[in-house]
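Everything on this sheet refers to the single structure shown next.
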Protein chains: 2
Amino acid sequence: MLSDLRQEFILHFGEMGSRWGINRTVGQIYAALFLSEEPLCADDLVGLLGVSRSNVSMSLKELQSWNLVHLKHRPGDRRDFFTTPDDMWQIVRTLVEERKKREIDPTLTKLRQLEMRPGSAEDAYAQARITEMRELIELLTGWYDQMNALETERLVALLNMGAKLQKLAQSARILPKRTNKTES
Amino acid sequence: MLSDLRQEFILHFGEMGSRWGINRTVGQIYAALFLSEEPLCADDLVGLLGVSRSNVSMSLKELQSWNLVHLKHRPGDRRDFFTTPDDMWQIVRTLVEERKKREIDPTLTKLRQLEMRPGSAEDAYAQARITEMRELIELLTGWYDQMNALETERLVALLNMGAKLQKLAQSARILPKRTNKTES
DNA sequence: TAGATGTTTCAGAAAAAACTGAAACGACTG
DNA sequence: CAGTCGTTTCAGTTTTTTCTGAAACATCTA
């Protein structure tokens with residue numbers, strides 16, 4: 001039912017998932033869908049992975065809440081079939097987007113909130129540190145948003161331009177203006 | 001002993017850690033060190049966080065294995081004191097580096113290994129998919145390596161150039177001869 | 001060497017997370 | 001309506017992970 005090759009891939013992503021705070025079954029299901037040319041239904045996955053029907057159901061729900069799988073239907077078939085997007089880049093974008101929404105955004109909110117607290121003297125250092133962290137996160141997410149706005153083709157072109165960008169960075173430092181610390 | 005502000009920050013990172021496959025105590029310890037102007041020793045952390053001495057010891061060991069904390073010593077004091085780097089950028093670099101080492105590299109190895117398997121016909125699609133994934137990961141890590149090679153100051157300059165880069169990406173698509181091979 | 005101080009280890013306890021089977025549910029179909 | 005097909009829910013079980021206390025270890029000091 002499942003070639004060694006696919007089996008191994010699926011097990012690998014099950015294991016990897018754990019290190020990313022994703023549970024094993026969820027990782028395995030995603031991997032199975034990723035490798036499958038045809039959409040799969042819940043019972044297919046039960047057969048492929050040997051886990052319970054309810055586990056598959058919960059895991060698929062989880063994946064849907066992350067927007068990582070798409071629902072497909074076949075004419076004359078009531079079952080739900082699932083796929084991953086064909087475009088790997090779309091997968092990456094979704095992954096980052098969701099992760100950002102669930103982890104970065106709440107953290108930024110918390111940091112801003114702590115920054116604004118009227119600070120007693122003993123917290124001066126801590127607050128400075130928090131500000132530093134917030135600014136860094138904002139710089140990185142701002143950058144990500146810019147890159148994410150590019151079409152994939154252009155983004156790839158840019159990623160392939162590492163050396164040229166280094167040059168650009170070099171000149172950017174030399175160019176005099178823009179000494180201000182914050183802009184927003 | 002611990003102001004509300006710091007308390008909240010520490011709890012937040014304890015929770016966040018869980019979502020990243022980092023256990024709560026480890027997250028809390030790191031957060032506490034991050035906010036502390038002075039280096040802290042294990043017993044300080046026991047007092048601050050209210051966890052067992054051995055838990056602190058294990059967690060610090062974990063953090064050390066990730067190169068996320070530095071050891072300091074005081075003259076005439078046998079205890080180990082710990083700090084986080086002052087430079088947030090260094091922290092980010094280390095974090096990415098270690099994560100790459102533990103998660104990306106083994107995955108790339110596995111993908112390459114699966115790609116090379118003499119493939120039966122039924123695995124043709126799966127292998128193509130795997131190749132696609134490997135290539136994307138290589139592109140991203142290659143890019144990261146380039147960026148990581150920059151001095152922080154230049155890197156920041158580059159990150160602040162989002163709009164300009166978009167322009168560059170635009171022209172980049174027009175100039176070079178197409179790397180065909182596109183699918184989808 | 002004995003004692004003081006500090007760190008690490010580890011078997012088992014406690015807590016958390018993942019998983020299951022059975023039952024409830026919902027939506028069509030004849 | 002009763003029956004079929006498929007999905008979802010959830011209480012309880014299993015598995016995994018985290019955490020603890022006690023003992024072992026290590027290093028320095030008198």
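What you see is a predicted model, and the numbers here were worked out from it, not measured in a lab. All chains are named by letter (A, B, ...) in the order of the sequence lines, taking the proteins before the strands, and each is independently numbered beginning at 1.
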Measure the distance from [atom1] on [X] to [atom2] on [N] and round it to the nearest whole Å.
| X | N | atom1 | atom2 | result |
| --- | --- | --- | --- | --- |
| I29(B) | dT7(C) | CD1 | C1' | 14 Å |
| E15(B) | dT18(D) | CD | P | 13 Å |
| R53(B) | dG21(D) | CZ | C1' | 13 Å |
| L49(A) | dA18(C) | CG | C1' | 15 Å |
| D43(B) | dT5(C) | CG | C1' | 10 Å |
| N55(B) | dT17(D) | CG | P | 16 Å |
| L45(B) | dT20(D) | CG | P | 13 Å |
| D77(A) | dT4(D) | CG | C1' | 14 Å |

Result block: side-chain N/O donor-acceptor pairs under 3.5 angstrom for residues 24-38 of chain B, not counting sequence neighbours:
residue, atom, partner, partner atom, Å
T25(B), OG1, N55(B), ND2, 3.2
S36(B), OG, E38(B), N, 3.3
S36(B), OG, E38(B), O, 2.4

Discussion item. Quiz question: going by heavy-atom distance under 3.5 Å, is there a donor-acceptor pair between the base of dG21(D) and the side chain of S52(B)?
Written reply: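 Absent.
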Practice prompt. Looking at every strand, decide which applies to S18(A) at a 4.0 Å heavy-atom threshold: base, sugar-phosphate, or nothing.
Written response: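 Nothing, no nucleic acid heavy atom in range.
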Item to complete: With heavy atoms under 4.0 Å as the rule, sort R78(A) into base, sugar-phosphate or nothing.
Response: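 Result for R78(A) = base.
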Worksheet item: Only one of L45(B), D44(B), D43(B) clears side-chain contact (heavy atoms from CB on, under 4.5 Å) with V56(B); which?
Response: L45(B)
Report yes if at least one side-chain N or O of [X] is closer than 4.0 Å to OP1 or OP2 of [N]; otherwise report no.
| X | N | value |
| --- | --- | --- |
| S57(A) | dT9(D) | no |
| N23(B) | dT17(D) | no |
| K61(A) | dT9(D) | yes |

Practice prompt. Assess R99(A) against W66(A): is NZ or CZ under 6.0 Å from the centre of the six-membered ring, and within 45 degrees of the ring's axis?
Written response: no
Discussion item. Check whether W20(A) forms a cation-pi arrangement with R19(B) (NZ or CZ under 6.0 Å from the six-membered ring centre, at most 45° off the ring normal).
Written reply: no
Discussion item. Pick the closest DNA chain D nucleotide for R79(A) and for R24(B) by heavy atoms, then say which residue is nearer the 5' end.
Written reply: R79(A)
Fill in: Residue mapping more 5' on DNA chain C - nearest nucleotide basis, S54(A) or I22(A)
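Nearest-nucleotide comparison on DNA chain C picks I22(A).
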Fill in: Nearest-neighbour nucleotide for the V51(A) side chain, dC19(D), dT7(C), dT20(C) considered
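Among the listed nucleotides, the one closest to the side chain of V51(A) is dT20(C).
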Worksheet item: What's the spacing between D80(B) CG and R78(B) CZ if we round to 0.5 Å?
Response: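 Going from the CG atom of D80(B) to the CZ atom of R78(B) covers 10.5 Å.
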